[in-house]
Amino acid sequence: MRIAPSVLSADLGRLREQVETAIEGGAEWIHVDVMDGHFVPNLTFGAPVVRALRRITDRPLDVHLMVRHPEHYIGEYADAGATVFTFHPEATVHVQRHLAAVREQGMLAGLALNPSTPVAFAEEVVDQLDLVLVMSVNPGYGGQSYLPSSTEKIRRVRALLDQAGSRAALEVDGGITTDTIAEAWLAGADTFVAGSAVFGTADPAHAVRELQRRCAVLA
C-alpha cells in the first residue's frame, strides 16, 4: 500500500519542507489536485506547481485533473514532470483515445470515478488503465468526510481489476484518515490520498506512519 499526501492541504509557503517531511515519514507518491472552477466549484493550481514539485522530489507526482477537457493539458503536464495523469470520464469524450495519449506521453493513465459514476466506465477501458481512482467524496473541496458507500464501490473495482488481470493501482481519495483507511484497504484499495490527515497535522511524517500502521496491523 502507498500513501499519496495531497498538497491541496499543504502550506504552499512551506511546500518544500512539508513535502520532504511527508516523504521522510514514508509517503511514496505526492498527489496534486488540479481544479478549474468549472468541472468542480473550486479553483486550485496547475502545471507550474507540478514543475516546482518535480524540482523538490523525484517521487512519483500523482496528478488528478478535475477540469473540463483534460485532453488539452496532457502534453503540458507531461512536460512539467507528472508521473500519473488522472481525469474524469464525464469531463470529456473519447476517453479511450485520451488514455492512450497519456501513455504515449510517458505518463501512467488514470480514470477517476465520482460517487455517482458507474464502475462500468472503467470496465470499458480496463485494459488501458494504470490507475482507477475511487472518489470517496464529491470532488471540489478538501477536508470532507468519507462516504460509507465508497467501500462497496472499492470492492467492485477491485473485483473488476482482478477479473481482468489488471495490475492497475486502486486509489481512494476523500476523507482518508486513521479512522477510515483500514476499511478502504480491506476492501481492496492500495493507494490512499490524504490531505488534511497529513498536512493538517503538526507532524506530517508521523501522520503518514500512522496511516500506514492502521493497515499494517490488519495485514
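Here the structure is a predicted model, which is why all the values come from computation and not from measurement.
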Side-chain donor/acceptor pairs under 3.5 Å, residues 151-163, sequence neighbours excluded:
from: T151; atom 1: OG1; to: Y146; atom 2: OH; distance (Å): 2.8
from: T151; atom 1: OG1; to: E183; atom 2: OE2; distance (Å): 2.5
from: E152; atom 1: OE1; to: R155; atom 2: NH1; distance (Å): 3.3
from: K153; atom 1: NZ; to: N114; atom 2: O; distance (Å): 2.6
from: K153; atom 1: NZ; to: P115; atom 2: O; distance (Å): 3.4
from: K153; atom 1: NZ; to: T117; atom 2: O; distance (Å): 2.5
from: R158; atom 1: NE; to: G188; atom 2: O; distance (Å): 3.0
from: R158; atom 1: NH1; to: D162; atom 2: OD1; distance (Å): 3.3
from: R158; atom 1: NH2; to: G188; atom 2: O; distance (Å): 2.9
from: R158; atom 1: NH2; to: D190; atom 2: OD2; distance (Å): 3.1

How close do A207 and T201 get, counting heavy atoms only, and between which atoms?
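Shortest heavy-atom contact: CB-OG1, 3.7 Å.
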Answer whether the closest heavy-atom distance between the side chains of R214 and D179 falls below 4.5 Å.
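Yes, at least one pair of side-chain atoms sits under 4.5 Å.
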Measure the acute angle between the ring planes of H98 and H94, then classify it against the limits of 30° and 60° as parallel, tilted or perpendicular.
perpendicular
Evaluation steps, side-chain contact (heavy atoms from CB on, under 4.5 Å), between F87 and L99
CA-CA 9 Å; F87 62 91; L99 291 169; 3.7 Å; yes
Which value, rounded to the nearest 0.5 Å, describes the distance between I30 atom CD1 and D58 atom CG?
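Reported value, rounded in 0.5 Å steps: 11.0 Å.
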Considering non-hydrogen atoms only, spot the tightest contact between L61 and G81 and give its length.
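Looking at all heavy atoms of both residues, the shortest contact is CD1-O, 3.8 Å.
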Between side-chain atoms of residues 34-44 and protein atoms elsewhere (two or more places apart, or another chain), which donor-acceptor pairs fall under 3.5 Å?
from: D36; atom 1: OD1; to: H38; atom 2: N; distance (Å): 2.8
from: D36; atom 1: OD1; to: F39; atom 2: N; distance (Å): 2.8
from: D36; atom 1: OD2; to: R68; atom 2: N; distance (Å): 2.8
from: N42; atom 1: ND2; to: G140; atom 2: O; distance (Å): 3.3
from: T44; atom 1: OG1; to: D33; atom 2: O; distance (Å): 2.9
from: T44; atom 1: OG1; to: M35; atom 2: N; distance (Å): 2.8

Report the residues that fulfil side chain to side chain contact (heavy atoms under 4.5 Å, CB included) with R209, sequence neighbours left out, ordered by chain and then residue number.
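Partners of R209 by the side chain to side chain contact (heavy atoms under 4.5 Å, CB included) criterion, ordered by chain and then number, come out as A205, H206, Q212.
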Return the set of residues passing side chain to side chain donor-acceptor pair (under 3.5 Å) with T86 (not counting sequence neighbours), or none when no residue passes.
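Residues passing side chain to side chain donor-acceptor pair (under 3.5 Å) with T86: none at all.
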What donor-acceptor contacts under 3.5 angstrom involve side-chain atoms of residues 121-131, with partners at least two apart or in another chain?
from: D130; atom 1: OD1; to: R103; atom 2: NH2; distance (Å): 3.0
from: D130; atom 1: OD2; to: R103; atom 2: NE; distance (Å): 3.1
from: D130; atom 1: OD2; to: A109; atom 2: N; distance (Å): 2.8

May I ask you to decide if S196's main-chain N or O and S9's side chain share a donor-acceptor pair within less than 3.5 Å?
yes
Not counting sequence neighbours, which residues clear salt bridge (charged side-chain N to carboxylate O under 4.0 Å, His left out) with E71? List them please.
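For E71 there are no salt bridge (charged side-chain N to carboxylate O under 4.0 Å, His left out) partners, ignoring immediate neighbours.
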Is the closest side-chain heavy-atom distance between Q105 and F85 below 4.5 Å?
no
Where do A22 and V198 come nearest, in terms of heavy atoms and distance?
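Distance-wise, the nearest heavy atoms are CB-CG1, 4.4 Å.
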Treat each ILVMFWY residue as a node, draw an edge where side-chain heavy atoms are under 4.5 Å apart, and state whether L15 and V208 are in one component.
yes
With sequence neighbours excluded, residues passing salt bridge (charged side-chain N to carboxylate O under 4.0 Å, His left out) with R54
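Expected list: none.
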Do V137 and I3 belong to the same hydrophobic cluster, where Ile, Leu, Val, Met, Phe, Trp and Tyr are linked whenever their side-chain heavy atoms lie under 4.5 Å apart, directly or via other members?
no
Between CZ of R2 and CZ of R59, what distance do you get to the nearest 0.5 Å?
11.5 Å
S145 meets the side chain to side chain contact (heavy atoms under 4.5 Å, CB included) criterion, sequence neighbours left out, with none
Could you tell me which residues satisfy ring-ring contact (aromatic ring centres under 6.0 Å, His included) with H64, sequence neighbours excluded, listed by chain and number?
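Result, ring-ring contact (aromatic ring centres under 6.0 Å, His included) vs H64: H31, H88.
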Treating T57 as the side-chain partner and V19 as the backbone partner, does any N or O pair qualify as donor plus acceptor under 3.5 Å?
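No; judged by distance alone, with no hydrogens or angles, the pair does not exist.
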Qualifying residues under side chain to side chain contact (heavy atoms under 4.5 Å, CB included), relative to E76, sequence neighbours excluded
A47, Y73
Distance check, rounded to the nearest 0.5 Å: I23 atom CD1 versus W29 atom CH2?
14.0 Å
Is there side-chain contact between L111 and P89, with at least one heavy-atom pair below 4.5 Å?
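SC-SC contact between L111 and P89 confirmed.
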Test salt bridge (charged side-chain N to carboxylate O under 4.0 Å, His left out) applied to R51 - qualifying residues, sequence neighbours left out:
none
If only atom types and distance count, is the side chain of S6 paired as donor or acceptor with the main-chain N or O of A194 below 3.5 Å?
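Here the side-chain-to-backbone pair does not exist.
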Considering non-hydrogen atoms only, spot the tightest contact between V102 and L108 and give its length.
CG1-O, 3.6 Å
Atom pair CG (L113) and CG (L133), whose distance is rounded to the nearest 0.5 Å
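It is 7.5 Å, given to the nearest 0.5 Å.
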Run the side chain to side chain contact (heavy atoms under 4.5 Å, CB included) test against Q18 and tell me which residues pass, sequence neighbours left out.
A10, D11, R14, F199
Any idea which heavy atoms bring V193 and E171 closest together, and the distance?
CG2-OE2, 3.4 Å
How long is the span from the CD1 atom in I181 to the CG atom in L211, to the nearest 0.5 Å?
4.5 Å
State, to 0.1 Å, how close V95 and T92 come at their nearest heavy-atom pair, and which atoms those are.
CG2-CG2, 4.2 Å
